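We count ligands from 1, going down the list as the structure has it; atoms in each ligand are counted the same way. Because the structure is a prediction, the values reported are computed rather than measured.
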Amino acid sequence: MFSRTSLGSLGAVVIYLLYLSYWYFPDNIANCFFLLNQTIQVGNEDAMMHTLFADSFATLGRLDNVTLVMVFHPQYLESFLKTQHYLLQMDGPLPLHYRHYIGIMAAARHQCSYLVNLHVNDFLHVGGDPKWLNGLENAPQKLQNLGELNKMLAHRPWLITKEHIEQLLKTEENSWSLAELIHAVVLLTHYHSLASFTFGCGISPEIDCEGGHTFRPPSVSNYCICDITNGYHGMDENQASPAGSIPITESVCEVEALMEKMKQLQECRDEEEASQEEMATRFEREKRESMFVCSSEDEESAPARDVSRHFEDTSYGYKDFSRHGMHVPTFRVQDYSWEDHGYSLVNRLYPDVGQLLDEKFHIAYNLTYNTMAMHKDVDTSMLRRAIWNYIHCMFGIRYDDYDYGEINQLLDRSFKVYIKTVVCTPEKTTKRMYDSFWRQFEHSEKVQFACILGGTVGTSVCYTSSCNYPDSI
Ligand SMILES: CC(C)C[C@H](N)C(=O)O
């Protein structure tokens, strides 16, 4: 997949650089919501991790913070990098500068200046016209036409209709071919979900990028500098207990209580089965309630000026829809599924990508170490499924055979606030939200959860967009 030229020596250079940075910045690497060097042993002998770092470096020409955080889950990272490499660098319908520009448009839609900046550099590097970076109105009409789809995919994918797709294919002069459009849709969704991952883990810019000076000055040594950029300006009630305002002893019990609930639900599952009507009602209830989940920090804010120029209609977001009491239609997964619709459509028009995405979704869904915080040998499938289905539920996607009553038992409010924010308004995620759920879980488990989020966001948009393509294709 990756260029293997001198990969061995390149790998050695990367590891050496990492080793150096480890010694240069002890305790100060605040690349995300937690300190990486406390949790990842960069110098350990994990061969897969080394290979991944080297591959990532060879492909991207740098080792970015997304890779450093995602490497907690090497299997997922490998699949993620492979997909991204394919989308950005391998033969494909769209020219290279278009691909990066679409990445910019998608990341900007979620106000993710971290990803925007990365792709601005790449865009220029592959010969993109700097004028386009002054705003979407300076880009070719063909890309401007994609703005509407970008907006809907990011915020309300269920509103996309066959007409939206046809429009793009038909606009005579600036029309998209089907293959180009599929490439664009996959890029858009890839970057929408990566924006969720980035904000969900609080990933900050690399040291050499704008805003990337992440050293912690001694005066603010009790919290990570990225709090400042997230609007968390000082000490608060959480200070006494790093895990949140609930004392640590209580949050330890939370893990046990959650495990106990999982056990009870398993027993109930074996005993009684709710009727079809009851199951449908439970889904609708959960979907309705999910619209009203919001955090106390949820305020209106205008998108950062420098990022908003890459898209139009800045006021359009997920929130408008819930505030105005609009309705998210229900899609039964039996009628609209990635397996039956998305996968084959993507594969037909952009060979291999369907396969790569499918693999990524499967890894995200099935990834387990059978741990829950300090507990080992736990079957976590029930919890992971609740998370997966809850996210789909927010997008109106229903699994007939799933009892949505389980969600309320397993996911508490602070957890739902975090999920909802990361999925629907990722730019509003704060360190406080990150800290206040699953207080005793490992950071790697929270990152794992962010991978699941990425997987499901991608799947959701595929579900809803794949069914709207013209019959003729
Ligand atoms: C997301 C986490 C609860 C997953 C868990 N650590 C597992 O290995 O399955």
Side-chain angles (χ1 to χ4, degrees), residues 32-34 36 38-41 46 48-49 66 69-80 193-194 196-203 243-244 246 248 251-266 269 359-394 402 406-423 426 429 433-460:
C32 58
F33 279 150
F34 46 91
L36 274 179
Q38 287 178 353
T39 34
I40 293 186
Q41 291 298 309
D46 186 319
M48 186 174 186
M49 201 153 107
V66 167
V69 170
M70 223 181 250
V71 81
F72 272 122
H73 306 291
Q75 209 196 347
Y76 182 81
L77 175 63
E78 186 183 26
S79 164
F80 167 85
S193 46
L194 191 55
S196 287
F197 181 86
T198 304
F199 281 115
C201 299
I203 290 173
I246 297 184
I248 286 189
S251 52
V252 173
C253 299
E254 272 177 0
V255 181
E256 268 94 51
L258 183 55
M259 287 170 63
E260 185 53 37
K261 269 194 201 134
M262 285 160 64
K263 212 170 116 204
Q264 278 168 11
L265 283 171
Q266 190 59 53
R269 261 187 194 172
E359 187 188 294
K360 191 160 81 84
F361 298 154
H362 274 101
I363 293 174
Y365 186 79
N366 294 312
L367 194 64
T368 182
Y369 305 91
N370 296 108
T371 57
M372 266 178 76
M374 64 298 274
H375 299 275
K376 299 202 168 32
D377 300 319
V378 188
D379 178 358
T380 60
S381 50
M382 180 185 276
L383 182 58
R384 288 180 290 111
R385 187 165 185 213
I387 297 169
W388 185 272
N389 287 0
Y390 182 61
I391 299 165
H392 281 171
C393 170
M394 290 191 300
Y402 184 69
E406 287 188 6
I407 287 176
N408 266 341
Q409 306 274 329
L410 300 174
L411 313 185
D412 65 17
R413 193 178 172 280
S414 55
F415 193 84
K416 284 183 175 177
V417 166
Y418 177 80
I419 300 187
K420 173 80 183 285
T421 311
V422 174
V423 173
T429 315
M433 287 177 197
Y434 174 88
D435 283 339
S436 54
F437 78 96
W438 282 5
R439 280 167 282 238
Q440 285 304 297
F441 282 73
E442 303 287 337
H443 288 300
S444 63
E445 293 180 292
K446 293 194 177 187
V447 173
Q448 182 180 350
F449 166 55
C451 295
I452 298 179
L453 282 179
T456 50
V457 177
T459 322
S460 303

* To do: Would you tell me whether R384 and T380 have side-chain atoms, one donor and one acceptor, within less than 3.5 Å of each other?
  => yes

* Relative to ligand 1, is N370 under 4.0 angstrom through side chain, backbone, both or neither, heavy atoms considered? -> backbone

* Assert yes or no for the condition that the ring centre distance of F449 to F441 is strictly below 6.0 Å. => no

* **Among L258, T368, N366, closest by any non-hydrogen atom to atom 7 (C) of ligand 1** => T368

* Atoms of ligand 1 close to Y369 [distance to a heavy atom under 4.0 angstrom, numbered from 1] -> 7 (C), 8 (O), 9 (O)

* Give me the one residue out of M262, Q409, K263 that meets side chain to side chain contact (heavy atoms under 4.5 Å, CB included) with M382. => M262

* List every atom of ligand 1 that sits less than 4.0 Å from any heavy atom of T371, numbering the atoms from 1 in the order shown and giving each element. => 5 (C), 6 (N), 7 (C), 8 (O)

* Asked: Can you tell me if M372 has a non-hydrogen atom under 4.0 Å from ligand 1?
  -> no

* In terms of atom number and element, which parts of ligand 1 are under 4.0 angstrom from non-hydrogen atoms of E445? -> 1 (C), 5 (C), 6 (N)

* Asked: Among all residues two or more places apart in sequence or in another chain, which pass the salt bridge (charged side-chain N to carboxylate O under 4.0 Å, His left out) test with K446?
  -> none

* Structure fact -> Sorted by chain and residue number, the ring pair (Phe, Tyr, Trp, His ring centres under 6.0 Å) partners of F197 (sequence neighbours excluded) come out as none

* Asked: Would you call the rings of H443 and Y434 parallel, tilted or perpendicular, where under 30° means parallel and over 60° means perpendicular?
  -> parallel

* Structure fact -> In ligand 1, the atoms that come under 4.0 Å of a heavy atom of R384 are 9 (O)

* atom 3 (C) of ligand 1: nearest protein contact (heavy atom, Å) -> W438 CH2, 3.6 Å

